[in-house]
Amino acid sequence: FLTYLLGLIVWCLLCQLFHSDIALWFGIQLETGIDRLGSAKYQDRLYEWKTAWLIVQQSPIWGHGWGSYPYQSFMMDTHPSVDHRPRFNVLFNHSHNIVLQLLSEMGLMGLVAVSGSLLYCIKNLLKNPAGMENLFLLSLITISVCHSMLEYPLWYGYFFIPFMIFVALAAPETQSAAPTRPLARWGIGL
């Protein structure tokens with residue numbers, strides 16, 4: 001099963017790397033996230049991460065307060081290490097990285113509280129990560145968390161609500177004791 005899962009992960013990575021090339025075979029012009037990351041005009045996210053890190057350094061333990069990132073980011077725009085950033089007439093209200101966002105607004109204490117709470121909620125999934133239902137839920141939760149490292153989906157209800165449903169399904173009373181049939185395992189895998 002792990003070999004099958006590793007093969008799927010490699011396949012997904014290859015599809016991500018060659019997505020725009022594959023689309024060109026069908027006459028579709030795409031600009032993928034990987035293309036944007038390599039482009040100089042899309043370096044604003046890297047500048048925002050640098051800005052967020054400077055904000056974190058000002059108050060690393062307690063942060064600046066919930067919802068303070070837009071103000072702090074605006075004030076930090078004059079810092080010498082980010083003053084040469086390209087200006088796009090956009091005020092970022094999020095750092096596009098959930099860890100940096102939590103650190104800048106809630107500090108290390110808030111990051112530990114939120115991360116610890118999440119780990120406490122999904123601890124039942126971590127006890128048996130090889131179980132099909134647990135693996136499926138862990139995969140869905142991991143996708144949301146990884147996406148939050150580059151964007152800010154958990155700040156929107158239509159991403160946050162499914163995420164919380166996945167976390168809620170990790171509760172012990174929702175765990176199935178019945179063994180999963182092979183056909184069901186293939187369905188979950190697909």
Side-chain angles (χ1 to χ4, degrees), residues 9 12-13 15-20 30-123 125-126 129 137-170:
I9 291 170
C12 287
L13 288 173
C15 287
Q16 286 294 320
L17 288 172
F18 299 108
H19 189 110
S20 57
L30 289 179
E31 185 174 50
T32 65
I34 293 174
D35 297 334
R36 288 192 308 263
L37 191 58
S39 172
K41 68 179 184 174
Y42 289 103
Q43 296 298 315
D44 53 339
R45 186 160 303 163
L46 296 176
Y47 283 108
E48 202 59 35
W49 291 347
K50 183 186 280 189
T51 301
W53 183 243
L54 291 170
I55 293 168
V56 169
Q57 290 175 336
Q58 289 180 343
S59 183
I61 303 299
W62 297 106
H64 292 277
W66 190 256
S68 65
Y69 185 82
Y71 172 77
Q72 294 296 330
S73 175
F74 177 75
M75 296 305 292
M76 194 57 67
D77 266 351
T78 59
H79 194 279
S81 66
V82 293
D83 67 347
H84 61 282
R85 76 188 281 176
R87 303 288 184 230
F88 297 107
N89 295 327
V90 174
L91 173 64
F92 284 98
N93 58 7
H94 197 281
S95 67
H96 291 78
N97 182 305
I98 195 165
V99 173
L100 289 173
Q101 185 76 20
L102 289 171
L103 281 172
S104 65
E105 291 187 350
M106 299 170 56
L108 186 60
M109 300 304 286
L111 178 66
V112 168
V114 170
S115 302
S117 298
L118 177 62
L119 287 175
Y120 179 78
C121 289
I122 66 170
K123 70 180 178 184
L125 298 179
L126 299 173
L137 284 173
L138 277 174
S139 298
L140 294 172
I141 291 168
T142 302
I143 288 168
S144 294
V145 170
C146 289
H147 188 202
S148 294
M149 296 299 289
L150 300 170
E151 282 292 336
Y152 51 98
L154 296 181
W155 267 249
Y156 292 123
Y158 46 84
F159 284 117
F160 186 71
I161 292 170
F163 177 77
M164 290 312 298
I165 291 171
F166 304 148
V167 171
L169 288 172

Check: Out of curiosity, Leu154 CG to Phe159 CZ, how far, rounded to the nearest 0.5 Å?
Finding: 9.0 Å
Notebook entry, point to check: Does some side-chain heavy atom of Val114 sit less than 4.5 Å from a side-chain heavy atom of Ile98?
Noted result: no
Next item on the list: For residues Phe166 and Ile161, determine if any side-chain heavy atom of one lies less than 4.5 Å from a side-chain heavy atom of the other.
Entry: no
Margin query: Could you report the tightest heavy-atom contact between Ser104 and Val56, atom names first, then the distance?
Written below: N-CG2, 3.5 Å
Check: How long is the span from the CD atom in Glu151 to the CG atom in Asn97, to the nearest 0.5 Å?
Finding: 11.0 Å
Notebook entry, point to check: Distance-only, no hydrogens or angles: does the His147 side chain make a donor-acceptor pair with backbone N or O of Pro153 under 3.5 Å?
Noted result: no
Notebook entry, point to check: If every non-hydrogen atom of Cys121 is compared with every non-hydrogen atom of Val167, which pair is closest and at what distance?
Noted result: CB-CG1, 3.5 Å
Margin query: Could you go through Leu138 and Leu126, starting from their C-alpha distance and side-chain angles, then the distance that decides it, and tell me whether this counts as side-chain contact (heavy atoms from CB on, under 4.5 Å)?
Written below: CA-CA 8 Å; Leu138 277 174; Leu126 299 173; 3.9 Å; yes
Next item on the list: Any chance you could measure Leu100, atom CG, to Tyr69, atom OH, to the nearest 0.5 Å?
Entry: 7.5 Å
Note to self: By the side chain to side chain donor-acceptor pair (under 3.5 Å) test, which pairs, at least two apart or in different chains, include something from residues 152-167?
What the structure shows: Tyr152-Tyr156
Check: What pair of heavy atoms forms the shortest contact from Glu48 to Ser95, and how long is it?
Finding: CG-CA, 4.0 Å
Next item on the list: With rounding to the nearest 0.5 Å, note down the distance linking SG in Cys12 to CD1 in Ile9.
Entry: 8.0 Å
Item checked: Taking every non-hydrogen atom, the tightest pair across Ser117 and Ala113 -> OG-O, 2.7 Å
Notebook entry, point to check: Between the main-chain N or O of Val112 and the side-chain N or O of Ser115, is there a donor-acceptor pair closer than 3.5 Å?
Noted result: no
Checklist line | Where Val99 and Met149 come nearest, the two heavy atoms and their spacing | finding: CG2-SD, 3.8 Å
Item checked: Residues, nucleotides or ligands: over 12 heavy atoms within 6.0 Å of Leu119 CG -> yes
Checklist line | Side-chain heavy-atom pair Ile55, Tyr71 within 4.5 angstrom cut-off | finding: no
Item checked: Between CG on residue Leu111 and CG on residue Leu103, distance to nearest 0.5 Å -> 4.5 Å
Checklist line | Gap separating the CE atom of Met106 from the OG atom of Ser68, nearest 0.5 angstrom | finding: 10.5 Å
